[in-house]
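Before any comments, here is the structure.
In this text, all values refer to a predicted model and were calculated from it rather than measured experimentally. In what follows, chains are A, B, ... by sequence order, proteins preceding strands, each numbered from 1.
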Number of protein chains: 2
Amino acid sequence: MRIEDEIHQKEFKDDYRRLLANLLFTNNWVNQQLMPFFKELGLTLQQHNVLAILRGQHPEPVCFGDIQGRMVDRNSNVTRLIDKLIEKGFVTRDICQSNRRMIEVRITPNGLKKLQEVDAKFPVLFESFHNLTREEAVLVSNLLDKLRG
Amino acid sequence: MRIEDEIHQKEFKDDYRRLLANLLFTNNWVNQQLMPFFKELGLTLQQHNVLAILRGQHPEPVCFGDIQGRMVDRNSNVTRLIDKLIEKGFVTRDICQSNRRMIEVRITPNGLKKLQEVDAKFPVLFESFHNLTREEAVLVSNLLDKLRG
DNA sequence: GTACATCATTTGTTTATACAAGTATAAGTT
DNA sequence: AACTTATACTTGTATAAACAAATGATGTAC
């Protein structure tokens, strides 16, 4: 469905403004599919992002700064995210002995199990993305890279 | 800059997951340019969106439902957005006489002036968008339309 | 015209975001 | 060693998002 129809706007002043509206609108659209998906699994999008980062380094620990630098949403407050994940038993935190300012975060077996649960249900989540061919997905992704400069 | 480098991830499992990460990341990137821009002008992104919708119908009023349906971010609480805009003197609200459940919202001269102020500074905001050619902007926009189905 | 469903907006509550300021450790300087 | 600066994380706070429930006006069925 064209963005003009989605937001009941006849036309945009130029193609760049149309793209801006489309990006923001599409992001909301994506989020509204992601949020209930992750909620059902007892995670938020950001919490899942952190777990995936930790699994990527497992069994090595990751410190807060590295987590932040690898997160899709850079504005997340890592301290509070990790607090939540500890509550749920998905990660552990320890003071790094070589630099006591840093915190070593590790994913637990329970955290890994939760990620497998997420992975098992991923195909459902990605159904809508297959409205684009693989080639188109690559094309959009590369153009977004170009947009950011 | 490639999304892989932005979030320090070597590779993605598939092109669709890469696109998902790229969409979310790019949206955050866009927002971090938009937010300070609008903040400096005393508006939020959603408040500006409402004002632009009202200007589109001016001098006709717009009711809450129509505002919601035209907003880029559908989750916004229109009641509270309008409250803020009234505080700032940019809109007025009146009960619709033909259907007293509805609220007629109108943009004020001050609201129009604020929008002109925004428009005057828009070119700066859109500089980064010109990393894409007009053709590329159209292409991405159309592919996003296709993605949503 | 009373009862019931629907519609348009409002309010409440919980959680998350944005941003600034604070604390503790480490590293560099004189 | 004392002093400054930078680093890595924490805390506080004000605002906004998400979601459910409530209010009040209108339309519809009987």
Would you mind reading off the distance between [X] atom [atom1] and [N] atom [atom2], rounded to a whole angstrom?
| X | N | atom1 | atom2 | answer |
| --- | --- | --- | --- | --- |
| Met35(B) | dC19(C) | CE | C1' | 9 Å |
| Arg100(B) | dG27(D) | CZ | P | 12 Å |
| Gln97(B) | dA8(C) | CD | P | 17 Å |
| Leu45(A) | dA17(D) | CG | P | 17 Å |
| Arg74(A) | dT17(C) | CZ | P | 15 Å |
| Ile95(A) | dA26(C) | CD1 | P | 10 Å |

In terms of the nearest nucleotide of DNA chain C, which residue is placed more toward the 5' end: Ser98(A) or Ser76(A)? Ser76(A)
Can you tell whether the side chains of Asp14(B) and Arg134(A) come within less than 4.0 Å, N to carboxylate O? no
Check Arg18(A) with Glu11(A), please: is the shortest side-chain N to carboxylate O separation under 4.0 Å? no
Shared hydrophobic cluster for [X] and [Y] (ILVMFWY, side-chain gaps under 4.5 Å):
| X | Y | value |
| --- | --- | --- |
| Ile95(B) | Ile67(B) | yes |
| Val62(A) | Leu51(A) | yes |
| Met35(B) | Met71(B) | no |
| Met102(A) | Ile107(A) | no |

Does a donor on one side chain and an acceptor on the other come within less than 3.5 Å for Asn75(A) and Gln32(B)? yes
Would you give a per-nucleotide map of nucleotides 7-16 of chain D, 5' to 3', where B means the base has a protein non-hydrogen atom under 4.0 Å away, S means only the sugar-phosphate does, and - means neither? BSSBBBB--S
Using a heavy-atom distance cut-off of less than 4.0 Å, which residues of residues 49-61 of chain A contact DNA chain C? none
N/O donor to acceptor pairs below 3.5 angstrom from side-chain atoms of residues 76-85 of chain B, sequence neighbours left out:
{"residue": "Ser76(B)", "atom": "OG", "partner": "Asp73(B)", "partner atom": "O", "Å": "3.2"}
{"residue": "Asn77(B)", "atom": "OD1", "partner": "Thr79(B)", "partner atom": "N", "Å": "3.3"}
{"residue": "Asn77(B)", "atom": "OD1", "partner": "Arg80(B)", "partner atom": "N", "Å": "3.4"}

Determine: side-chain N/O of Asn75(B) to OP1/OP2 of dA17(D), distance under 4.0 Å, yes or no. no
Of the residues in residues 22-34 of chain B, which ones touch DNA chain D at a heavy-atom distance under 4.0 Å? none
Which residue pairs pass the ring pair (Phe, Tyr, Trp, His ring centres under 6.0 Å) test with at least one member in residues 40-71 of chain A, sequence neighbours excluded? Phe38(A)-His48(A), His48(A)-Phe122(A)
Would you say Glu135(B) has more than 12 foreign heavy atoms packed within less than 6.0 Å of its CD? yes
Filter on salt bridge (Lys or Arg N to Asp or Glu O under 4.0 Å), then keep only pairs touching residues 43-72 of chain B, sequence neighbours left out; what's left? Arg55(B)-Asp119(B)
